[in-house]
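Working notes, beginning with the structure itself.
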Amino acid sequence: MFFAKVIGTVWATRKDENLKSFKLQFIQPLNAQRENSGTPIVAVDTVGAGPGETVMYITAREAVIPLPVDMAPVDASIVGIVDRIDVKST
Amino acid sequence: MILGKVVGTVWATRKDEELVGAKLLIVKHVDLNYKVKDAFVVAVDTVQAGVGDVVLIATGSSARQTAATKNKPVDAVIMAVVDKLDVAD
């Protein structure tokens, strides 16, 4: 599970039929200090996150689990919206 | 998923028999302004994408989660053709 910031939305009408009702969000991965780390990816949004919000997302085959279909070509899904991050500075 | 642009096609007659009938497209990664980067993948097309289309690719074992690629030796699949991209900078 990783942190990311929602930076945009992807609109696609021609897509795999199992993806019909899902929102595709553009997310910028973050580290625990909320700084950009890595290149932006596209994730299915299952929690209704808006642009600018910090979210948690999961990758790989497990990204299909929160979706209401049993099979979908998805390798990243937003599973939570972060309220607060407390990190003990090492 | 990764944003990419279809730049070409791969033709291969001698290949794993599970791949017979699969359309293999070369997809280069692109950044937010559709600028093509060097990295690329060969992905199986399931949405009739053509050369020049901006597409989304799912990689890893998620790529086998479609009717066309189920139980096939595929680790990258084109699962959407992008119409529009809204990026709030």
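Values reported hereafter were calculated over all heavy atoms of this structure, with side chains retained and with hydrogens, waters and symmetry mates removed. Bear in mind the structure is a predicted one, so any value in this text is a computation, not a measurement. Chain letters run A, B, ... following the sequence lines, proteins first and then strands; every chain starts at 1.
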Engaged part of [X] at the chain B interface, taking heavy atoms whose separation is under 4.5 Å:
X	answer
A43(A)	backbone
T39(A)	side chain
V69(A)	neither

Are there more than 12 heavy atoms of other residues, nucleotides or ligands under 6.0 Å from atom NZ of K5(A)?
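No, because the 6.0 Å sphere around NZ of K5(A) holds 12 heavy atoms or fewer from other groups.
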Please state whether the side chain, the backbone, both or neither of [X] comes within less than 4.5 Å of a heavy atom of chain A.
X	result
D53(B)	side chain
L85(B)	both
V81(B)	both

Hydrophobic cluster identity match, [X] and [Y], side-chain contacts under 4.5 Å:
X	Y	value
M56(A)	I85(A)	yes
V44(A)	M1(A)	no
F26(A)	V82(B)	yes
I81(A)	V6(A)	yes
I78(A)	I65(A)	no

Please output the residues of residues 69-76 of chain B in contact with chain A, using a heavy-atom cutoff of under 4.5 Å, in numerical order.
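Only K70(B) of residues 69-76 of chain B have a heavy atom under 4.5 Å from chain A.
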Could you tell me which residues in residues 2-40 of chain B have at least one non-hydrogen atom under 4.5 Å from a non-hydrogen atom of chain A, sorted by residue number?
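Within residues 2-40 of chain B, the residues that come under 4.5 Å of chain A (heavy atoms only) are L3(B), L32(B), K37(B).
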Any donor-acceptor N or O pair under 3.5 Å, side chains D75(A), T59(B)
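A donor-acceptor contact under 3.5 Å links the two side chains.
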Determine the sole option in V74(A), I41(A), V10(A) for which the side-chain contact (heavy atoms from CB on, under 4.5 Å) test with M1(B) is passed.
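By the side-chain contact (heavy atoms from CB on, under 4.5 Å) criterion, M1(B) pairs with just one of V74(A), I41(A), V10(A): V74(A).
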Mind listing the closest non-hydrogen atom pair of M79(B) and L19(A) along with its distance?
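Nearest heavy atoms, M79(B) then L19(A): CE-CD1, 3.4 Å.
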For V64(A) versus Q65(B), what's the shortest heavy-atom pair and its separation?
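Heavy-atom minimum between the residues: CG2-CG, 4.4 Å.
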Out of curiosity, S62(B) OG to M71(A) CE, how far, rounded to the nearest 0.5 Å?
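Going from OG on S62(B) over to CE on M71(A), the span is 11.5 Å.
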